[in-house]
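Everything on this sheet refers to the single structure shown next.
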There are 2 protein chains.
Amino acid sequence: MKLSWGDYISIAIHQTDLTLTSYIKNKLAPFNLAPEQNLILMLLWERDGLAQNDIAEKLDKDKTNIARMVLNLEKKGFIKRTISQYDRRSLIVKLTQEGKALGDKIIPLTEEFNQLVTKGITEKEIEELGRILTKMRMNVQ
Amino acid sequence: MKLSWGDYISIAIHQTDLTLTSYIKNKLAPFNLAPEQNLILMLLWERDGLAQNDIAEKLDKDKTNIARMVLNLEKKGFIKRTISQYDRRSLIVKLTQEGKALGDKIIPLTEEFNQLVTKGITEKEIEELGRILTKMRMNVQ
DNA sequence: GCATTAAAGTTGCTATAACAACCATTGTGT
DNA sequence: ACACAATGGTTGTTATAGCAACTTTAATGC
């Protein structure tokens, strides 16, 4: 059976991701923050002082991207990088005062976003969704 | 209640999309084809002779991206652009012989991919997933 | 302890993705 | 018919995303 364009679930996932990312991008723009930069800060707001490499692993991204995003965050004054005293290859990423303060504004905003996205969808459905998405990732790894 | 990093369903969707896209990217690489370029060709294999603008609407993407992707597809020899005889602003995108032939190789490959992604997931779950993803898109539009 | 590997970052490249500003062409209103 | 608005594409800019190749530093093997 030949599938037509709309039958691929991966395409639906892709399009949904684009729509959601585009929305949050606009919400974050006034704070001079891009979506992926925000993900990095979210990690740091939970636990400050991660190495670039830690961030790359947690976000499951190439280290080159992390390096460039962190560089941008440093240019914007939200974080500061210092060489680790335990391993001089490693760069430790720490929030500045400005970066810490930003969290108080951004975290409520992301929770509002989450509320909006999941409006009319039950807890159970969200859990189910998460379970299926995880299974799909496992399937291709 | 403060949400922690893993609690955002939008992040799970984003990461899943990245994983799936990365997988199919590698599968398509031997054919000199990038994932989004493939989406455009999939549209054309279903219905040849679309205008760039039609493609942008169907893929729900900015017209600038489509212009550049189509330009790349033309450089690769898979499509040819001609000015519409009905509207001289409009560019009609048509498959070349090479582009048509490519479909015979790529379509089975994408169906295999779809099989792999949905392995161990029921038809009903996929439908449910599609329904929820659509709802999420509606929620932010 | 010295050569070989491995690991952490950086630089360069290609491919999305979307916005702003722009050009050419077409449609509309009066 | 002519001014103005709308539409289809292009160019420029910023931000992901990942691969290859490279530098620096650390760990490992004998």
Side-chain angles (χ1 to χ4, degrees), chain A residues 11 14-41 50-76 78 81-93, chain B residues 11 14-41 50-76 78 81-93:
Chain A
I11 295 180
H14 184 61
Q15 303 291 39
T16 305
D17 176 45
L18 286 179
T19 304
L20 298 184
T21 300
S22 171
Y23 181 89
I24 195 67
K25 183 181 169 190
N26 287 327
K27 289 287 175 192
L28 293 174
F31 300 96
N32 191 23
L33 201 57
E36 299 292 333
Q37 292 168 10
N38 181 44
L39 287 188
I40 292 177
L41 289 184
L50 293 169
Q52 285 193 188
N53 203 39
D54 299 331
I55 296 174
E57 274 184 17
K58 280 180 195 284
L59 295 185
D60 196 20
K61 280 190 209 309
D62 193 275
K63 56 188 175 163
T64 54
N65 303 323
I66 303 299
R68 279 182 262 241
M69 286 189 268
V70 164
L71 197 68
N72 276 332
L73 284 171
E74 190 167 47
K75 276 183 196 162
K76 290 176 180 182
F78 298 139
R81 294 186 300 172
T82 49
I83 294 172
S84 165
Q85 55 184 143
Y86 307 108
D87 183 342
R88 283 167 49 220
R89 295 170 300 180
S90 186
L91 285 176
I92 303 300
V93 181
Chain B
I11 295 179
H14 184 61
Q15 303 291 41
T16 305
D17 176 44
L18 287 180
T19 304
L20 298 183
T21 301
S22 170
Y23 181 88
I24 195 67
K25 184 182 170 191
N26 288 326
K27 287 288 175 190
L28 293 174
F31 300 95
N32 191 24
L33 202 56
E36 299 291 333
Q37 292 168 10
N38 181 45
L39 287 189
I40 292 177
L41 289 185
L50 293 169
Q52 286 194 186
N53 203 39
D54 299 331
I55 296 174
E57 275 183 16
K58 280 180 196 283
L59 295 185
D60 195 21
K61 279 190 208 309
D62 194 275
K63 56 187 175 165
T64 55
N65 304 323
I66 302 299
R68 279 182 259 240
M69 286 189 269
V70 165
L71 197 67
N72 276 331
L73 284 171
E74 190 167 45
K75 277 183 195 160
K76 291 177 180 181
F78 297 139
R81 294 185 300 171
T82 48
I83 294 172
S84 165
Q85 54 184 143
Y86 306 108
D87 183 342
R88 283 167 48 221
R89 294 168 302 180
S90 186
L91 285 177
I92 303 298
V93 181

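Fair warning: this is a prediction, and the values are worked out from it, not measured in the lab.
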Self-check item: Proximal nucleotide (of D:dT10, D:dC19, C:dA15) relative to the B:A67 side chain
Solution: D:dT10
Practice problem: Would you indicate, yes or no, if C:dA17 has its OP1 or OP2 atom less than 4.0 angstrom from a side-chain nitrogen or oxygen of B:H14? | Solution: no
Practice problem: Measure the distance from CD on A:Q85 to P on D:dA26 and round it to the nearest whole Å. | Solution: 13 Å
Quiz item: Once you round it to whole Å, what is the distance between C1' of D:dT16 and CG of A:D60?
Solution: 15 Å
Quiz item: Side chain of B:T19, backbone of B:Q15: donor and acceptor closer than 3.5 Å?
Solution: yes
Quiz prompt | Under 3.5 Å donor-acceptor, A:E74 side chain and A:R81 backbone | solution = yes
Quiz item: Hey, what do you get for NE2 (A:H14) to CG (B:L59), rounding to the nearest 0.5 Å?
Solution: 8.5 Å
Practice problem: Could you check how far CG of A:L71 sits from P of D:dA15, rounded to whole Å? | Solution: 11 Å
Self-check item: Interatomic distance, B:M69 CE vs D:dT10 P [rounded to whole Å]
Solution: 13 Å
Quiz item: Just how far, in rounded Å, is P of D:dG18 from OH of B:Y23?
Solution: 16 Å
Quiz item: Touch check for A:L18, heavy atoms < 4.0 angstrom, all strands: base, sugar-phosphate only, or nothing?
Solution: sugar-phosphate
Exercise. Could you work out which one of D:dA15, C:dA18, D:dC19 sits closest to the side chain of A:K76?
Key: D:dA15
Exercise. Between C:dA15, C:dT10, D:dG18, spot the one nearest the side chain of B:N72, thanks.
Key: C:dA15
Quiz item: Could you give the distance from CZ (A:R89) to CG (A:N53), rounded to the nearest 0.5 Å?
Solution: 9.5 Å
Self-check item: Residue-phosphate contact under 4.0 Å: B:T21 side-chain N/O, C:dT16 OP1/OP2
Solution: no
Quiz item: Picking from C:dA15, D:dA17, C:dG9, which would you name as closest to the side chain of A:K61?
Solution: D:dA17
Quiz item: Which sits closer to the 5' end of DNA chain C, A:Q52 or A:K25, going by the nucleotide each is nearest to?
Solution: A:Q52
Practice problem: Please work out if B:T64 contacts a base, only the sugar-phosphate, or nothing of the nucleic acid, heavy-atom cut-off 4.0 Å. | Solution: base
Exercise. Report the distance from atom CG of B:N38 to atom P of C:dT14, rounded to the nearest whole Å.
Key: 21 Å
Quiz item: Looking only at atom types and distance, does a side-chain atom of A:D87 sit under 3.5 Å from a main-chain N or O of A:S84, one as donor and one as acceptor?
Solution: no
Practice problem: Could you tell me the separation between the CG atom of B:L28 and the P atom of C:dA15, rounded to a whole number of Å? | Solution: 13 Å
Quiz item: Is any side-chain N or O of A:N65 closer than 4.0 Å to OP1 or OP2 of D:dT16?
Solution: no
Exercise. Rounded to the nearest angstrom, tell me the gap between atom OH in A:Y86 and atom P in D:dA27.
Key: 14 Å
Practice problem: Looking only at non-hydrogen atoms, find the nearest pair between B:K61 and B:I66 and report the distance. | Solution: CB-CD1, 4.1 Å
Quiz item: Of the nucleotides D:dA15, D:dG18, C:dA15, which one has an atom closest to the side chain of A:Q37?
Solution: D:dA15
Exercise. Respond yes when some side-chain nitrogen or oxygen of B:R89 is under 4.0 Å from OP1 or OP2 of D:dT7, and no when none is.
Key: no
Quiz item: With respect to the side chain of B:N53, which nucleotide from D:dG9, D:dA17, C:dG9 is positioned closest?
Solution: D:dG9
Quiz item: C:dA7 phosphate, OP1 or OP2: any side-chain N/O from A:R88 under 4.0 angstrom?
Solution: no
Quiz item: Nearest to the side chain of B:R68, which nucleotide is it out of D:dA26, C:dG12, C:dC19?
Solution: C:dC19
Quiz item: Does A:E57 or B:K63 map to a spot on DNA chain C nearer the 5' end, using the closest nucleotide for each?
Solution: A:E57
